[in-house]
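Here's the structure we're looking at; comments come further down.
Residue numbers start at 1 and run along the sequence shown. Keep in mind that this is a model prediction, so the values were computed, not measured.
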Amino acid sequence: MNESIAKNILRNKYNVSRETLDKLEVYKQLLDKWQKAVNIVSRGTLEFFWDRHIIDSLQILTYIKGKTVLDVGSGGGFPGMVLAICTNFQVTCLDSDMKKMLFLEEIARLTSTNVRILTMRIEDLQEKFDTVCARGFSSLKNLISVTLTHSQYGVFLKGCKINQEIDEAKKHYNFKYESFQSETNPSGNIIVINNIVEK
């Protein structure tokens, strides 16, 4: 998907304003700059910034519940930082990688984004949120474990092995879930988890 088409989708489907698009452009420029020294994202995805990272992040908007959102293993800020820039959610981006969190702090500063950035391990966080989200952080079983500790509701961007991950997670937890195909990746899925009980 080229940049023009992606921006049209952002404007028309996600109501992203001109001002917010400008902030996302700053995000892109800084990512290009930092990527040369720090491996923020897979290099092959840089040229697909607008669909692979921005639209991919915003597609979970429909499924987020409440106002407080924890993005676990935030890395380059997808989806957490994108949600913080484009919405009024109270977003916390958490990752143990100090360099990536410094990158997110710079994004927040240059775009004047209200977001909390925590450089720590998820096991050390003692706090509740309305929604936990993640992309590419860990297996579904581990994500459900995190969600149970910090919320009762999770929204996760997962790949083509989602059915195997669900089967594995069900060995350890009872939970309700819905799965939706990704808008940006034919083999990707969005899975919404709630009512989690450890077996």
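- In this structure, the side chains of Glu183 and Lys13 come closer than 4.5 Å at one or more pairs of heavy atoms.
- When every heavy atom of Asn185 is checked against every heavy atom of Ser182, the shortest pair comes out as N-OG, 3.1 Å.
- Environment of CD in Glu178: sparse, with no more than 12 heavy atoms of neighbouring residues, nucleotides or ligands closer than 6.0 Å.
- Not one N or O on the side chain of Gln152 forms a donor-acceptor pair closer than 3.5 Å with the backbone of Asn194.
- By the 4.5 Å heavy-atom criterion applied to side chains, Met120 and Leu125 are counted as neighbours.
- Side-chain contact between Asp130 and Lys65: absent, with no pair of heavy atoms (C-beta onward) separated by less than 4.5 Å.
- Taken from CD in Gln164 to OG in Ser139, the straight-line distance is 12.5 Å, to the nearest 0.5 Å.
- Sorted by first and then second residue, the salt bridge (charged side-chain N to carboxylate O under 4.0 Å, His left out) pairs involving residues 189-199 (not counting sequence neighbours) form an empty list.
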Could you walk me through whether Met98 and Met101 pass the side chain to side chain contact (heavy atoms under 4.5 Å, CB included) test, one step at a time? CA-CA 5 Å; Met98 183 175 292; Met101 293 297 95; 5.7 Å; no

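- When the side chains of ILVMFWY residues are joined at heavy-atom separations under 4.5 Å, either directly or via intervening members, Ile85 and Ile117 end up in a single hydrophobic cluster.
- Cluster annotation: Val69 and Val146 are assigned to distinct hydrophobic clusters (Ile/Leu/Val/Met/Phe/Trp/Tyr, side-chain heavy-atom contacts under 4.5 Å, transitive).
- Contact check for Thr131 versus Ser151: no side-chain heavy atoms found under the 4.5 Å cut-off.
- Applying the side-chain contact (heavy atoms from CB on, under 4.5 Å) rule to Asn114 yields no partners; only residues at least two apart in sequence or on another chain are considered.
- Distance CZ/Arg135 to CG/Leu157: 7.0 Å, rounded to 0.5 Å.
- Summarising the geometry of Cys133 relative to Ile60, their closest heavy-atom pair is CB-CD1, 4.0 Å, with the distance given to 0.1 Å.
- The two residues Gln35 and Ile40 come nearest to each other via the heavy atoms OE1-N, 3.1 Å.
- Aromatic ring orientation, Tyr27 versus Phe78: parallel (interplanar angle below 30°, classes split at 30° and 60°).
- Summarising the geometry of Ile166 relative to Phe175, their closest heavy-atom pair is O-CZ, 4.2 Å, with the distance given to 0.1 Å.
- A salt bridge links Asp32 to Lys28: at least one charged side-chain nitrogen sits closer than 4.0 Å to a carboxylate oxygen.
- Listed for the Asn189 side chain is no donor-acceptor partner under 3.5 Å among the backbone atoms of Gln181.
- In terms of heavy atoms, Asp97 sits closest to Asp95 at N-OD1, 2.8 Å.
- For the salt bridge (charged side-chain N to carboxylate O under 4.0 Å, His left out) condition, the pairs that include at least one residue of residues 148-165, sequence neighbours left out, are Lys158-Glu165.
- The minimum heavy-atom distance between Ser96 and Arg121, with the atom names listed, is CB-CG, 4.1 Å.
- Cluster annotation: Leu143 is connected to Ile162 through the hydrophobic network of ILVMFWY side chains, with a link wherever side-chain heavy atoms come within less than 4.5 Å.
- Side-chain contact check for Thr113 versus Ile107: every heavy-atom pair is 4.5 Å or farther apart.
- Side-chain contact between Val82 and Cys86: present, with at least one pair of heavy atoms (C-beta onward) separated by less than 4.5 Å.
- There is no path of hydrophobic side-chain contacts, each under 4.5 Å, that joins Leu102 to Leu118.
- Of the inter-residue distances, the one linking Ser74 atom OG with Leu104 atom CG reads 5.0 Å to the nearest 0.5 angstrom.
- Heavy-atom neighbours of Lys99 NZ from other residues, nucleotides or ligands within 6.0 Å: at or below the threshold of 12.
- Taken from CG in Leu148 to CD1 in Ile193, the straight-line distance is 12.0 Å, to the nearest 0.5 Å.
- At least one donor-acceptor pair under 3.5 Å links the side chain of Lys128 to the backbone N or O of Thr149.
- More than 12 heavy atoms of other residues, nucleotides or ligands shown are found within 6.0 angstrom of OH on Tyr173.
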What verdict does the salt bridge (Lys or Arg N to Asp or Glu O under 4.0 Å) test give for Glu105 and Lys100, after you've listed the backbone C-alpha separation in whole Å, the side-chain angles of each residue and the deciding distance to 0.1 Å? CA-CA 9 Å; Glu105 288 176 2; Lys100 290 180 179 178; over 6 Å; no

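- Every side-chain contact (heavy atoms from CB on, under 4.5 Å) that Thr87 has, sequence neighbours left out, goes to Leu61, Leu83, Phe89.
- Scanning for ring pair (Phe, Tyr, Trp, His ring centres under 6.0 Å) contacts around Phe180 gives Tyr63, with sequence neighbours left out.
- With values rounded to the nearest 0.5 angstrom, His53 atom NE2 is found 12.0 Å from Ile55 atom CD1.
- Partners of Lys7 by side-chain hydrogen bond (donor to acceptor under 3.5 Å, both in side chains), not counting sequence neighbours, listed by chain and number: Glu3, Glu25.
- Heavy-atom contacts from other residues, nucleotides or ligands closer than 6.0 Å to CG of Asn88 number 12 or fewer.
- Each of Val91, Leu58, Asp71 was evaluated against Pro79; a single residue qualifies, Asp71, per the side-chain contact (heavy atoms from CB on, under 4.5 Å) test.
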Check step by step if side chain to side chain contact (heavy atoms under 4.5 Å, CB included) holds for Phe156 and Val132. CA-CA 8 Å; Phe156 308 119; Val132 174; 4.1 Å; yes

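- Put simply, the side chain of Leu21 reaches to within 4.5 Å of the side chain of Trp50, judged on heavy atoms.
- Taking 4.5 Å as the limit, every side-chain heavy atom of Thr147 sits out of range of all side-chain heavy atoms of Tyr153.
- Cluster annotation: Val115 and Phe103 are assigned to the same hydrophobic cluster (Ile/Leu/Val/Met/Phe/Trp/Tyr, side-chain heavy-atom contacts under 4.5 Å, transitive).
- To the nearest 0.5 Å, atom CG of residue Leu94 and atom CD1 of residue Ile122 are 5.0 Å apart.
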From CA spacing to verdict: side chain to side chain contact (heavy atoms under 4.5 Å, CB included), Lys67, Phe129: CA-CA 8 Å; Lys67 292 295 290 183; Phe129 299 84; over 6 Å; no

